[in-house]
Amino acid sequence: MSSTRRAATLPVAFFDRPAEIVARELLGTLVVSTAGSRTAGRIVETEAYLGRDDPASHGYRNRRHARNEALFGPPGTWYVYLSYGMHWCANLVCGAEGQASAVLLRALEPVNGLETMRERRGVTADRQLCSGPGQLCQALAITRDLDGALMERSAVKVFGSEGAGPPPAVVTPRIGITKAADWPLRFVVEASPWTSRGVPAQ
DNA sequence: GCGCCGATTGGCT
DNA sequence: GCCAATCGGCGCC
């Protein structure tokens with residue numbers, strides 16, 4: 001094989017593992033949205049939600065309803081929901097089908113289509129384009145349209161970084177939740193300037 | 001049916 | 001640091 005391989009979309013097997021493992025290994029991968037004008041960003045912050053045994057998970061105690069149906073789908077499925085009635089949040093389902101565990105995308109380093117992102121976000125500062133789960137969905141035009149779609153076949157794909165492994169990461173408690181708030185399931189690229197605000201000072 | 005609350009954000013004190 | 005905006009799901013009983 002050639003030494004210059006092209007990065008490929010992450011296979012289903014990548015997601016068929018515990019969410020905390022996937023959350024860690026998603027750091028450094030590239031999210032490419034072809035919903036409208038092409039935009040892309042590198043993942044710098046994620047959170048794992050562990051499904052039926054995680055009080056903070058939408059799949060806690062196997063609660064199923066129309067809104068979170070995608071969460072119970074096969075690994076590699078997008079789960080997109082509306083937060084606080086205003087902001088979309090994008091997750092990738094992990095583990096076996098029915099387990100309802102997933103990884104929330106919390107922040108990206110903007111890589112492509114920054115001008116499009118600025119228009120969609122209504123801001124000019126690069127730091128404010130994708131530094132939050134709601135922000136990155138707006139920048140990449142991610143809405144309910146993506147909910148339930150398999151990543152590989154959807155308008156928003158995730159590409160692995162060939163060669164280099166994930167960058168050094170810091171693990172912290174999850175942000176903005178009240179239940180199981182102390183569980184160390186948030187993963188942040190070390191010293192990245194692109195993470196969401198609210199990073200614990202520590 | 002009603003009221004509360006949330007995996008957020010941005011503007012204001 | 002505090003808080004309103006805004007809407008869908010949930011528990012209530």
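Because only heavy atoms are used, hydrogens play no part in the values below, and waters and symmetry mates are left out as well, while side chains stay in. Below, chains carry the letters A, B, ... as their sequence lines are ordered, and counting in each starts from 1.
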Q. What distance, rounded to whole Å, do you find between the two C1' atoms, one in C:dG8 and one in B:dG10?
A.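 It works out to 22 Å between them.
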Phosphate OP1/OP2 of [N] contacted by [X] side-chain N/O (<4.0 Å):
| X | N | answer |
| --- | --- | --- |
| A:Arg174 | B:dG6 | no |
| A:Arg106 | B:dT8 | yes |
| A:Gln135 | B:dG10 | yes |

Atom [atom1] of [X] and atom [atom2] of [N]: how far apart are they, to the nearest Å?
| X | N | atom1 | atom2 | result |
| --- | --- | --- | --- | --- |
| A:Leu71 | C:dG8 | CG | C1' | 16 Å |
| A:Arg63 | C:dG11 | CZ | C1' | 9 Å |
| A:Arg67 | B:dA7 | CZ | P | 8 Å |
| A:Leu129 | B:dG10 | CG | P | 11 Å |
| A:Glu45 | B:dT8 | CD | C1' | 13 Å |
| A:Asp54 | B:dA7 | CG | P | 10 Å |
| A:Lys179 | C:dG11 | NZ | C1' | 11 Å |
| A:Gln128 | B:dT9 | CD | P | 12 Å |

What are the two closest heavy atoms between [X] and [Y], and how far apart are they?
| X | Y | answer |
| --- | --- | --- |
| A:Arg127 | A:Gln135 | O-OE1, 4.5 Å |
| A:Thr195 | A:Ser131 | O-CB, 3.5 Å |
| A:Leu27 | A:Glu45 | CD2-N, 3.7 Å |

Q: Tell me which residues in residues 78-87 of chain A put a heavy atom below 4.0 Å from DNA chain C, sorted by number, or none.
A: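 The answer is A:Tyr84, A:Gly85, A:Met86.
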Q) Between A:Lys157 and A:Glu152, does at least one N-O distance fall below 4.0 Å, as a salt bridge requires? A)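 No, A:Lys157 and A:Glu152 are not salt-bridged.
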Q. Would you call A:Arg174 and A:Asp182 a salt bridge, using N to O less than 4.0 angstrom?
A.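 No.
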Q. Can you tell me if A:Arg118 and A:Thr124 form a side-chain donor-acceptor pair at under 3.5 Å?
A.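 No.
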Q | For DNA chain B, stems built from three or more consecutive Watson-Crick or G-U wobble pairs below 3.5 Å | A |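 Runs of three or more consecutive pairs: B:1-6 with C:7-12, B:8-12 with C:1-5.
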Q) If you round to the nearest 0.5 Å, how far is OG of A:Ser101 from CG of A:Leu71? A)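 OG of A:Ser101 is found 7.5 Å from CG of A:Leu71.
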Q: Look at all strands and tell whether A:Asn91 reaches a base, only sugar-phosphate, or nothing, counting heavy atoms closer than 4.0 Å.
A: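 Base, at least one base atom sits under 4.0 Å.
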Q.
Considering every strand and a 4.0 Å limit on heavy-atom distances, what is the contact class for A:Arg64: base, sugar-phosphate, or nothing?
A.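 Since no nucleic acid heavy atom lies under 4.0 Å of A:Arg64, the category is nothing.
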Q. Near A:Arg38 CZ, under 6.0 Å, is it more than 12 heavy atoms from other residues, nucleotides or ligands?
A.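 No, CZ of A:Arg38 has 12 or fewer neighbouring heavy atoms, counting only those of other groups under 6.0 Å.
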Q: Identify whether NZ of Lys or CZ of Arg in A:Arg63 sits under 6.0 Å from the centre of the six-membered ring of A:Tyr60 and within 45° of that ring's axis.
A: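 Geometry flag: not set, cation outside 6.0 Å or 45°.
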